[in-house]
Number of protein chains: 2
Amino acid sequence: MSVQMKQQVLRNELIKFFYYDNRLTLAELSRRSHKSLPLVTSTVNGLIEDGYIQDNGLAASTGGRRASSFQLNADKQRYIVAVAVDQMVTQVVIYDLMNNVKVGLQKKELVLHDNPALTETFIEFLKYYISGSGIPLNQILGIGIGMPGFVSAIKGVNHTFFKLGGNVTLKDHLSKELGLPVFIDNDSSLIALAELKFGAGKDLKDVLVVNIGWGIGLGMIVNGGLFRGHSGYAGEFSHIPLSQSNKMCSCGKRGCLEVDTSLVFMIERAKAEMDAGASSSMEQVYKTTRELPADVFLNAAKSGDPLAVSVLSDAAFLVGKGISTLIHIMNPMLIVLSGRGAVAGKILMAPIQQAINEFCIPWLAEQTDIQVSTVATNAELLGAATLVIENCDFN
Amino acid sequence: MSVQMKQQVLRNELIKFFYYDNRLTLAELSRRSHKSLPLVTSTVNGLIEDGYIQDNGLAASTGGRRASSFQLNADKQRYIVAVAVDQMVTQVVIYDLMNNVKVGLQKKELVLHDNPALTETFIEFLKYYISGSGIPLNQILGIGIGMPGFVSAIKGVNHTFFKLGGNVTLKDHLSKELGLPVFIDNDSSLIALAELKFGAGKDLKDVLVVNIGWGIGLGMIVNGGLFRGHSGYAGEFSHIPLSQSNKMCSCGKRGCLEVDTSLVFMIERAKAEMDAGASSSMEQVYKTTRELPADVFLNAAKSGDPLAVSVLSDAAFLVGKGISTLIHIMNPMLIVLSGRGAVAGKILMAPIQQAINEFCIPWLAEQTDIQVSTVATNAELLGAATLVIENCDFN
DNA sequence: TAAAACTTTATAATTTTTTTAAAAAGATTT
DNA sequence: AAATCTTTTTAAAAAAATTATAAAGTTTTA
């Protein structure tokens, strides 16, 4: 690697440290980058000259001479487009480098299944949003997109949705159409990334993040980094053979964890129980519209509706059985329950803990902490922004 | 880290490269160590002066000027004591740095369960073997020991066997008693290490090694290195909840994979079937001794005995179901069937493949190769030697 | 309360290491 | 068979890491 490239790599690395932790000293940067103080000092001086970083006065004392601290310079306007795609709705927001919302969140209904115009509509939506923001393209570092499906971030392809004819990858296609660097990844991986950098898993080495959404996803942090497996598809948690039920899964197999734990299944079951005469606070919405939106279901559970709680608990017990498997295999420090289903976190915890008591070697279960995410509501967007930060060039 | 320490680290690293690959050129060493050629050149010259390495003439041409190649110097006598402990028998051998057997393999019956004199007997056995070898202690780099149980290599403790009173760790206790550096690890981890360095997984990044022995173990290679989990106990494959059977497992839970797949269970089942009148080539041994040694059972299966094959196949199908779970979660490049049970590898493959067809997303299963180990018979001893090489100091 | 002792950061000088360039040796092509 | 291309080896220059020293605070202690 040439000298200039190495120096650019160090610049990128230092900016990332500031992105994750606002104020840092030279000594801290040197420790984290494993580079010498003189080198870090001169690189930081270069970043100050280029306007990326500014001096922030003396840091708090740690028992000796107080260190100068530095932080990102808001005047250097650089932005990130973060996109979170789910089965029904696509959300987009623009952040600055301090993770402040620069351009407000916009949602668009965009159904992934059986939608031939999907990719085209998606591109139009983003084009319109970005141009409407008024931010010049050269101030945008890139677009990070989280989406469901079998996604390989490295190859830049999705084998399930947004399929393209021909040889071009989805990543390259979007990048060409939108005129900006594009980075795509699996939704669960991005949620895990957000938990690693900003959530419960901050600075931890081995963390598993369960994404409770339309399906059950898994993002894996191994040795302090996202683990993707040899061809990019690790964490296919929802299709492990675990359920006793004989229902056919969307993947074509029977016994997948997913068939009894997805939000789709839970809502179907709640509907069926109401049809069979069960009373619930969800009745009104369901009876009048014949629909039961996920939010209504989750909020009902959250506020203690017995039907919703019962349906959710049954599913959570099975998720807990899956988590027991994960604990045995991975011996993680922490498992985080995240994704949109995590708003019902407190209700999920009891049956999951019960399953762990039943299926885990107690001594092993003790080594793993289980927590509900505190950043779940915008974890995927945060993760999408992080994906850009991790992969873009600061110039 | 001081300059001298860094130089010693590089020396150790280079010697390790020679241990794994006999002949290497300076350019190759530079690539692997990520150090510059001048530095590698001068370090190798130092190692030649100290007698560790010798020039080995010109390497084969790769299209330009032929490079000098180097190799370990056999005259620098350095040896490794490798120990493989299983539930019944303990084996020990002394290797040189070329993995040649310097002092022949010795076996001792040593039952781990309910054996109060275990640790003492174990130490006596090793003391006698080492002193009987006539090799001066200062030529022995260390003792590597693989053993069953919940072993933390980092902490140097075993929570299942060789328990000690007081605060001293097993590793430290053995080291003090034997007067040599001692390194301990889980048997399955060492088998995985051997497969990574000398077997089917050589130079691969994500490999899972299933250890088919008295129980079912798992050693995990992640990102090119042994993965141990956050507290050292990753890979507890045999106790994941997978079996439909209601039998109680030794761990106190029901439904563990182990209850239907361990060699112990298989032999019990073969005995029961013979008692019930099934005919088999194993009858003679069983009828006369009322015992059925593992070797007899495995050899019967290998030579096509229908009863043994049937028992083995049923267990292998369940192992295959567990492997399906592993494929979904880890997306490994390769899964190796190793351990003493791997001698019946060909018979295992069919039911395992069948289970994968039934329980894996086909598209995902295609990304993982399944192989039977070619170094299984002495994988654990090789792994124990490797453990020493990885952790000792060459001085 | 003030000086001494201790910590930590910042800068300078030195040593180590890497990079770059050039030379040497061997293979391949014309 | 000479010329061109590759690769290794050596040498010189540049970059980075150590080490040492100075500077700036904190804490301890008399």
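Protein chains get the first letters and strands the later ones, always in sequence-line order, with residue 1 at the start of each.
In the displayed structure, B:Lys16 atom NZ is contacted under 6.0 Å by more than 12 heavy atoms of other residues, nucleotides or ligands.
Put simply, the side chain of A:Thr368 gets close to the backbone of A:Pro332: a donor and an acceptor are under 3.5 Å apart. The main-chain N or O of B:Ala59 is found under 3.5 Å from a side-chain atom of B:Arg66 such that the two form a donor-acceptor pair.
Under the ring-ring contact (aromatic ring centres under 6.0 Å, His included) criterion, A:Tyr233 pairs with A:His159, B:Trp363, not counting sequence neighbours. Every residue two or more places apart in sequence or in another chain that forms a ring-ring contact (aromatic ring centres under 6.0 Å, His included) with A:Tyr20 is listed here: A:Phe198. In this structure B:Asp185 satisfies the side-chain contact (heavy atoms from CB on, under 4.5 Å) test together with B:Ala153, B:Ser189, B:Leu190, B:Leu226, B:Arg228, B:Leu387, sequence neighbours excluded.
Between A:Lys6 and the phosphate of C:dT19, there is a side-chain N or O to OP1/OP2 separation shorter than 4.0 Å. Within the structure, every side-chain polar atom (N or O) of B:Gln7 is placed at least 4.0 Å from both OP1 and OP2 of C:dT16.
Residues from residues 23-37 of chain A that place a heavy atom under 4.0 Å from any atom of DNA chain D, listed by number: A:Lys35, A:Ser36. Taking every heavy atom of residues 49-56 of chain A and every atom of DNA chain C, no pair lies under 4.0 Å.
B:Asn45 has its CG atom 11 Å from the P atom of D:dT9, to the nearest Å. In this entry the distance linking CG of A:Leu39 with P of C:dT17 reads 16 Å, nearest Å. Computed from coordinates, the B:Met5 CE to D:dT18 P distance equals 11 Å when rounded to whole Å.
A donor-acceptor contact closer than 3.5 angstrom links the side chains of A:Glu195 and A:Ser373. Under the 3.5 Å distance criterion, with hydrogens and angles disregarded, no donor-acceptor pair is assigned to the side chains of A:Ser42 and A:Asn45.
In this structure, B:Lys76 does not pair ionically with B:Asp50, as no charged nitrogen and carboxylate oxygen lie closer than 4.0 Å. Between A:Asp21 and A:Arg32, at least one side-chain N (NZ, or NE/NH1/NH2) sits under 4.0 Å from a carboxylate O, which counts as a salt bridge.
Residue contacts for B:Ser68: at a heavy-atom cut-off of 4.0 Å it reaches the sugar-phosphate backbone alone, with no base atom in range.
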Heavy-atom protein contacts under 4.0 Å, nucleotides 25-30 of chain C, coded B base, S sugar-phosphate only, - none | BBS---
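Atoms OH and CZ, from A:Tyr52 and A:Phe394 in turn, are 6.5 Å apart once rounded to the nearest 0.5 Å.
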